[in-house]
Structure formats: C-alpha cells, structure tokens
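Taking it in order: structure first as structure tokens, then the write-up.
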Amino acid sequence: MPRFKRHLITSALPYANGPIHIGHLAGVYIPSDIYTRYLRLKGKDVIHVCGSDEHGVPITLKARQEGVSPQVIVDRYHELNKKAFEDFGISFDIYSRTTSKVHYETASEFFRTLYDKGVFIEKTTEQFYDEEAGQFLADRYITGTCPHCGYEKAYGDQCEQCGTSLSPTELINPRSTISGSKPVLRKTKHWYLPLDRYEPFLRKWILEDHKEWKTNVYGQCKSWLDQGLQPRAVSRDLDWGVPVPVEGAEGKVLYVWFDAPIGYISATRELTPDWEKYWKDPSTRLIHFIGKDNIVFHCIIFPTMLKTEGSYILPDNVPANEFLNLEGDKISTSRNWAVWLHEYLEDFPGQQDVLRYVLTANMPETKDNDFTWRDFQARNNNELVAILGNFVNRALVLTRKYFDGAVPPRGEISTYDREVLEQIPLIRRRTEHSLDHFRFREALKEAMALARLGNKYLADTEPWALVKNDKERVGTILNICLQITSNLTLLLEPFLPFSMQKLREMVHFEKTDWNLIGRDDLLPEGHQIGEVKHLFRKIEDEEIEKQIARLQATRTENEGNNTIKLPPQKEEEITYDDFAKLDIRTATIVAAEKVPKTKKLLKLTLDTGIDRRTVVSGIAEFFSPEEIVGKQIAVLVNLAPRKIRGIESQGMILMAEDPDGRLHFIVPEDGAVNGSPVK
RNA sequence: GGCGAGGUAGCUCAGCUGGUUAGAGCGCAGGAUUCAUAAUCCUGAGGUCGAGGGUUCAAGUCCCUCCCUCGCUACCA
C-alpha cells in the first residue's frame with residue numbers, strides 16, 4: 001500500500017530581477033519537471049507549483065537604478081521568465097507570483113497565525129534611518145568604507161571588494177544611498193522567529209527521520225544545526241513587500257525569506273480550491289526542488305514555519321542540486337556570463353530538448369559541474385542524433401521501405417528476439433529506480449539504453465540482408481523495432497517531451513501511460529505509421545564556434561569593464577594642508593604572522609624609523625608572512641589606532657589595488673631610510 | 001579558523017554495510033557493416049582510485065595527518 005496518495009512538487013521561486021539561464025534549469029527546473037512528468041505518466045495525483053519571487057531589497061534597488069517602480073521590474077521578469085519556462089516545457093500547473101492578491105492574503109494569514117500563537121519574539125534594535133528620506137535603511141541601502149579592507153563602496157551587508165559580510169554599524173563613514181545623507185541610528189521593533197527553540201525538533205526530524213536525503217543536503221543541515229540556530233527577523237522596515245498585519249507595524253513588511261516560501265502555498269491556493277488537501281493531509285508527499293543556496297530555507301526555516309503553524313505537512317524530501325558552471329567559470333548574471341534561455345532559442349530554435357538532454361546528462365547532482373559548448377555539441381551529435389535519432393529513423397524508414405509503413409506481422413520469435421524484448425521491462429525498472437531516487441543523470445542513461453538496444457538488435461539481425469530471401473523474418477524484426485520505438489516514446493517522455501511528442505505523431509501512437517512500458521504489443525499488426533522526419537539534427541562546428549566566440553566577447557568586455565570600474569577621481573578637491581595632515585613614511589616589515597582564525601589578516605611589525613609598531617592588514621590572501629618580511633613599504637603612521645580582531649592596529653599599509661582586487665605594495669624603488677616622509 | 005560537500009580512466013560520472021583481474025557513457029585506436037543524419041555494431045588501449053601514514057588475512061571503500069575545488073559560517077566555538 002503506497003504511503004502517499006498524492007504529490008505536491010515545488011520548484012524554487014526564481015527571483016524576479018533577472019532572466020533565467022541554464023544554471024537555473026539544470027539545478028532546479030529540469031529535475032522537477034522530469035520528476036513531475038514521470039509521476040503524471042504513472043497516473044499519480046500530482047501538482048507542480050512555482051512562481052516569481054518578487055519582493056526583497058535587490059528589486060527595489062534595481063528599480064531605483066532604472067528610475068521606475070519595483071512593480072515595473074517584477075512585471076518585466078515575471079513575464080519573461082514565465083515564457084522561458086513554457087518554451088522549455090517546464091510543466092508547472094501554475095506559475096504564480098508573490099505580488100498576487102492571494103499571496104498577500106496567504107502570507108498575512110500565516111504571519112497572523114504564528115503571531116497569535118505567540119511564536120515570535122519581539123526585539124527592539126537600533127537601525128540606520130535616513131532622516132532626509134524619512135525611512136529606515138536596508139543594509140543594502142547603506143554604503144561606507146569597509147573596516148577590513150578600506151574599500152569605500154562597501155554595502156551594509158557585505159563588502160564586494162574583500163567579500164566580508166558586514167553589519168551596517170561596522171561601516172566607517174556610512175552613507176544612505178537614497179539621499180546621500182549620513183544616516184542616524186534609530187530604534188525599531190521587529191519580530192523574530194526563534195529557530196533555536198525548535199532545534200531539538202529539527203534534529204530529530206532531519207538527522208534521524210530523513211537520513212535518506214541527499215548527502216549534500218543532509219550534511220548542510222547538520223552543519224547548520226551543529227552551529228546552533230539563531231532567532232531570525234521576519235520583518236523589515238521597507239515599503240516593498242507584504243505589510244506586517246499587526247497594529248503599530250506601519251512601514252514594516254515581511255522579510256522576503258518569510259514570504260517567499262509561502263508563495264508555494266499561495267500558488268496552490270490560486271490553482272485549486274482543494275489546496276488544503278495538498279498542504280495539510282499527511283498522505284500528501286511534499287517535495288521541494290531547489291539549488292544548494294536554498295537548503296537552509298527549505299530544510300530548516302520553512303519547515304519550522306510550517307511546524308509552528310501547526311496544520312501543515314512538512315517536506316518529505318528536498319532534492320537540492322549543486323551549481324552549474326559555464327566554460328569553467330561561475331555563471332554570473334551581472335557579468336553576463338550565462339546562456340540565457342531566450343537567447344538559446346534564437347540560435348537553436350525548436351531544440352529545447354537538446355538543452356534539456358545535455359543539462360540532464362550533466363546535471364550537478366553531487367558536485368558543481370561544467371557546461372561547455374563542445375560537450376553540448378558532442379552529446380547532441382553522438383548521442384541524440386547517432387543513438388536515439390538514428391535508431392528511430394532506421395526502424396521507421398525500413399518499415400516504410402519494406403512494408404509501406406504498416407506494422408508487419410510478427411512471425412516466429414527467436415530466442416534472441418525474446419531476450420531483446422525481455423530487456424524492455426528491465427530497462428524500465430532501472431530507469432524507475434533512478435528516478436525514484438532523484439538520480440536523473442543515471443535515469444537518462446538507463447533510458448537511452450533502450451535506443452542502444454535497438455541499434456544493436458538491428459545490427460545483429462541485419463534485416464536489409466534478409467529482405468530478399470525471408471521477408472517474413474524481416475517483418476518480425478521490424479515489428480520488434482517498432483515496439484521498441486513506441487516504448488521509447490513513453491520512457492523518454494519525461495526527459496525529451498518535445499521530441500517524444502514528435503515521435504508519437506510519426507508513429508501514430510498517442511498513448512502516454514508509463515505503465516505500458518515493457519509491453520511488446522503497443523503497435524498492433526497493420527497499424528499505419530506516418531511521415532518520417534529526423535528527430536534531431538547535427539550541430540555543426542560553426543554553430544558552436546559562434547557560441548564560444550560570443551562568450552569570449554563577454555569575457556573581453558568584462559575585462560574592459562574592469563578598467564572602467566577603476567574609481568574615478570574624487571570630486572572633492574583638497575588643499576595641500578589637507579594632504580600634509582597625512583604622515584606617510586617608509587618602513588620595513590620586520591615580522592609578519594597570520595592573525596589566528598582569520599583568512600585575510602596579517603599582523604605586521606614595522607620598523608618605521610621612528611618606532612616599532614604593529615599594523616594589522618588584510619593582505620593574507622595575497623602574501624604569505626615569509627615572503628614579505630624584510631620588505632620596505634609605505635605606511636600611514638598618524639592614522640587613529642583601531643582594534644581589529646583584538647589587536648590594536650597602529651597605522652595603515654599603503655597598497656595599490658588592481659581592478660580585479662589584487663594588491664601591490666608601494667615600495668620605495670631603490671630603498672630609503674626607514675621613516676623618510678612621503679610627500 | 002570552524003563546518004559541510006567533492007577530489008576514481010583524456011572528459012562526465014557509478015562504485016551499497018571493506019573481499020576475486022576498479023566499472024559505465026563519451027572521446028581515442030583497430031576491425032565489421034551499409035538499412036540509417038559517415039550514423040551503427042564488435043574489439044582494444046587508457047586509472048599506483050588527491051598525497052602520506054595506519055587498522056586488517058584483505059581498503060577506492062574504515063581511522064589519522066596534509067593538499068586542492070566549491071559552499072556555508074566566523075572579532076565567538
């Protein structure tokens with residue numbers, strides 16, 4: 001007796017501030033789509049929900065940059081991405097969005113329920129407030145100088161130069177990006193989800209009850225749990241989002257991480273009046289397909305929300321994939337290092353399945369993987385065209401040639417014939433087993449084995465050699481080939497929906513029932529097949545070279561951008577007196593050691609000519625202590641001391657910084673007496 | 001620094017609780033074949049399983065140390 005009566009599949013809500021690329025597809029949407037199609041073919045009760053995640057600060061920032069409202073941004077990407085998914089056959093039952101009315105209601109209710117149950121804790125903290133703009137500032141809206149590396153355009157949550165995560169109060173000389181004014185600290189109240197209280201529950205639920213989760217997911221969860229969970233703010237001072245539905249919470253919205261996963265519920269609600277059956281009946285199997293960046297939200301935070309709400313079921317599995325790289329480099333939206341779905345279709349119209357196939361065969365299931373255009377070409381030409389397309393073509397062309405396109409009768413079955421036919425249910429079983437365990441790469445390979453089997457069968461039986469003397473035997477052989485072909489339409493449907501639709505039309509076989517796979521009588525004797533076309537076409541070198549050239553151009557452009565990215569001359573003019581305030585001297589590094597438990601910091605002892613002093617410097621990623629001892633450098637000696645990692649740093653080493661972040665010492669070329677003023 | 005996931009043939013990956021000559025697909029070499037989009041089929045070459053120790057009759061598989069990649073996290077562990 002099956003434990004579950006129905007399935008609810010969710011795919012991570014893509015963030016509506018950029019288009020969809022192959023990384024999204026390989027990581028989340030292709031696996032979820034394959035799985036959903038598989039369940040549907042099996043006749044299961046299954047729905048697959050998704051939608052745009054449309055709240056959060058990055059969207060408001062982008063809107064501000066473009067001088068439009070956030071709604072304009074999310075409308076644009078919602079439509080674009082919705083279409084991209086449709087184009088690639090990602091078969092959502094609904095693709096909704098978190099700005100929908102239903103979602104506002106659902107998210108509000110959800111918050112309200114937890115609020116009324118007393119789940120949240122309230123905390124008042126001090127946050128930066130822009131008095132000119134009259135609003136609290138999200139971390140991203142504050143820039144200032146990074147206390148670690150001195151980068152002047154660090155954000156309140158992170159310094160993009162040195163990668164350190166920051167809190168806004170750490171910034172030196174903070175500024176509001178809205179008005180440019182200096183923000184002030186002001187008290188504000190927020191609600192927190194005390195995750196720490198649910199740690200015992202989570203430990204048992206994940207670490208004991210879900211040992212079957214993928215190792216990367218399980219390990220990541222364990223890591224989080226072992227590090228100890230912290231209460232997490234569920235609200236923010238912002239005007240873009242779902243308003244906190246509580247008295248006295250004006251100007252506050254739900255934090256995007258809180259409202260986004262509720263989007264799954266809203267989407268279901270929008271889809272069907274039966275939504276509660278899918279979310280609240282324990283006989284529903286809930287599965288979240290996500291990328292690895294989302295593990296903590298879907299395994300720790302959202303389940304805690306669902307659990308505390310009380311009436312919801314929890315996910316049974318969270319098959320998260322790793323990341324896909326492109327030609328050796330990380331995919332990056334801002335650096336335009338990606339293959340965008342809409343662009344792919346312009347260059348390879350009608351070839352969605354090729355991309356689906358390659359991304360499945362190369363899916364980053366256990367570790368980050370690399371997509372290369374050469375591999376794309378090879379897989380298309382050597383596998384789709386040569387193995388699958390070719391077998392189908394051979395079977396159908398021979399049938400038309402020898403039997404005018406009518407399925408010939410099956411005569412005497414040889415032992416070998418029987419062995420071949422018996423392979424079909426075995427292949428089905430292996431494919432199922434892989435799919436049931438979310439091993440899509442393996443499943444695809446197993447399914448393709450059927451096409452391989454077909455090719456081998458033809459090569460072994462050689463109907464073209466027999467046709468002159470034993471046409472009846474040829475009929476039997478082709479009958480079997482056609483049974484294999486019709487089985488293929490079912491077996492490969494989850495992976496290659498467009499091509500299998502095409503193939504079904506070619507053989508005039510319209511059934512889509514997974515349970516038929518393995519039978520040897522799908523096409524009855526005399527059944528007429530249709531026009532034969534090629535399922536796939538060869539991809540030529542020039543097409544691939546064009547794609548590689550395009551990426552190369554992006555690479556060059558990015559390098560060019562870096563020089564443009566050099567900071568422009570500062571606007572403020574200073575006087576000589578201003579400059580004279582800086583006491584810069586030559587000095588020699590006499591000792592250097594790594595600051596323990598840091599990645600970037602070196603503790604340097606300098607002979608400045610005037611004294612010996614300690615300076616902490618964030619250069620450990622580029623220089624080892626050994627190689628810099630004895631080096632003469634320039635140092636700002638009258639900088640106010642500052643404690644870094646408990647060590648008092650008395651000055652600042654002067655470094656030149658490349659656009660790509662590399663550091664270079666400023667060295668007196670032919671040596672100078674230590675302590676010589678630099679002027 | 002801590003934690004997690006990876007490091008297996010040229011490439012992409014399997015190898016469950018340790019057990020005969022370490023597997024698959026692609027690529028490569030040779031052969032067969034011509035129905036088919038020069039596609040297919042057969043055969044073969046290719047790996048000191050990241051490095052070094054250890055446990056064991058026996059280790060890719062367990063333990064220790066180290067190195068590399070990716071991710072999470074950190075003036076805390």
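Every value quoted in this text rests on a predicted model; they were computed, and no experiment measured them. Proteins get letters first, then strands, A, B, ... in listed order; numbering begins at 1 in each.
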Audit row: Glu432(A), Arg428(A), salt bridge (Lys or Arg N to Asp or Glu O under 4.0 Å) steps and yes/no: CA-CA 6 Å; Glu432(A) 282 179 342; Arg428(A) 165 181 166 176; 3.0 Å; yes
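- Comparing the P positions of C62(B) and U20(B) gives an interatomic distance of 16 Å, to the nearest angstrom.
- Place Glu442(A) and Phe323(A) on RNA chain B by their nearest nucleotides, and Glu442(A) ends up nearer the 5' end.
- Between Lys292(A) and Asp368(A) there is a salt bridge, with a side-chain nitrogen of the basic residue lying less than 4.0 Å from a carboxylate oxygen of the acidic one.
- Aromatic ring orientation, Tyr344(A) versus Phe376(A): perpendicular (interplanar angle above 60°, classes split at 30° and 60°).
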Please enumerate all protein N or O atoms sitting under 3.5 Å from an N or O of nucleotides 62-68 of chain B, with distances to 0.1 Å.
none

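- Among the atoms of the strands shown, only primed sugar atoms or phosphate atoms (P, OP1, OP2) are found under 4.0 Å from some heavy atom of Lys292(A).
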Its contact letters, B for base, S for sugar-phosphate only and - for none at protein heavy atoms under 4.0 Å, make nucleotides 35-42 of chain B read BBB-SSSS
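- Arg441(A) comes within 4.0 angstrom of the backbone, heavy atoms only, and of no base.
- Taking atom C1' in both U12(B) and C67(B), one finds a spacing of 24 Å when rounded to whole Å.
- No more than 12 heavy atoms of other residues, nucleotides or ligands shown are found within 6.0 angstrom of CD on Glu412(A).
- Between U61(B) and G50(B), the distance separating the two P atoms is 8 Å to the nearest Å.
- When both pairing distances are held under 3.5 Å, A9(B) makes no Watson-Crick or G-U pair with any nucleotide shown.
- Salt bridge status for Arg441(A) with Glu365(A): present, with a side-chain N to carboxylate O gap under 4.0 Å.
- Ring-centre distance between Tyr416(A) and Tyr457(A): below the 6.0 Å cut-off.
- Near RNA chain B, meaning a heavy atom under 4.0 Å away, there are no residues from residues 410-417 of chain A.
- At a threshold of 4.0 Å, the pair Arg400(A)-Asp404(A) does not count as salt-bridged, since none of the basic side-chain nitrogens sits closer than that to a carboxylate oxygen.
- Going from the P atom of A5(B) to that of U40(B) covers 40 Å, rounded to whole Å.
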Dump the intermediate steps for side chain to side chain donor-acceptor pair (under 3.5 Å) on Tyr357(A) and Asn380(A), then the final yes or no. CA-CA 8 Å; Tyr357(A) 181 87; Asn380(A) 177 75; over 6 Å; no
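- Nucleotides C75(B) and G52(B), compared at atom C1', are 35 Å apart to the nearest Å.
- Applying the salt bridge (Lys or Arg N to Asp or Glu O under 4.0 Å) test to residues at least two apart or on different chains, the pairs with a partner in residues 451-462 of chain A are Lys456(A)-Asp460(A).
- Remark: the separation of the C1' atoms in C11(B) and C28(B) is 12 Å, to the nearest Å.
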Exercise for review: Before giving the answer on salt bridge (Lys or Arg N to Asp or Glu O under 4.0 Å), spell out for Arg504(A) and Glu493(A) the whole-Å C-alpha distance, their side-chain angles and the decisive distance to 0.1 Å.
Suggested key: CA-CA 10 Å; Arg504(A) 282 198 297 271; Glu493(A) 159 70 19; 3.0 Å; yes
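- G25(B) adopts an anti glycosidic conformation, its chi angle falling more than 90° from 0.
- Residue pairs meeting the salt bridge (Lys or Arg N to Asp or Glu O under 4.0 Å) criterion with at least one partner in residues 225-234 of chain A, sequence neighbours excluded, are Arg203(A)-Asp226(A), Lys222(A)-Asp226(A).
- Under the 3.5 Å distance criterion, with hydrogens and angles disregarded, a donor-acceptor pair is assigned to the side chains of Gln377(A) and Asp541(A).
- A salt bridge links Glu543(A) with Arg537(A): the closest approach of a Lys/Arg side-chain nitrogen to an acidic carboxylate oxygen falls below 4.0 angstrom.
- Here, G25(B) and C41(B) have their P atoms 10 Å apart, quoted to the whole Å.
- With C1' as the reference atom, A9(B) and G15(B) are 14 Å apart, rounded to whole Å.
- Using cut-offs of 30° and 60° on the angle between ring planes, the pair Tyr38(A) and Tyr35(A) is tilted.
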Can you give me the N/O atom pairs linking the protein to nucleotides 5-8 of chain B at distances under 3.5 Å, or say none if there are none?
| unit_1 | atom_1 | unit_2 | atom_2 | d |
| --- | --- | --- | --- | --- |
| G6(B) | OP1 | Thr215(A) | OG1 | 3.4 |

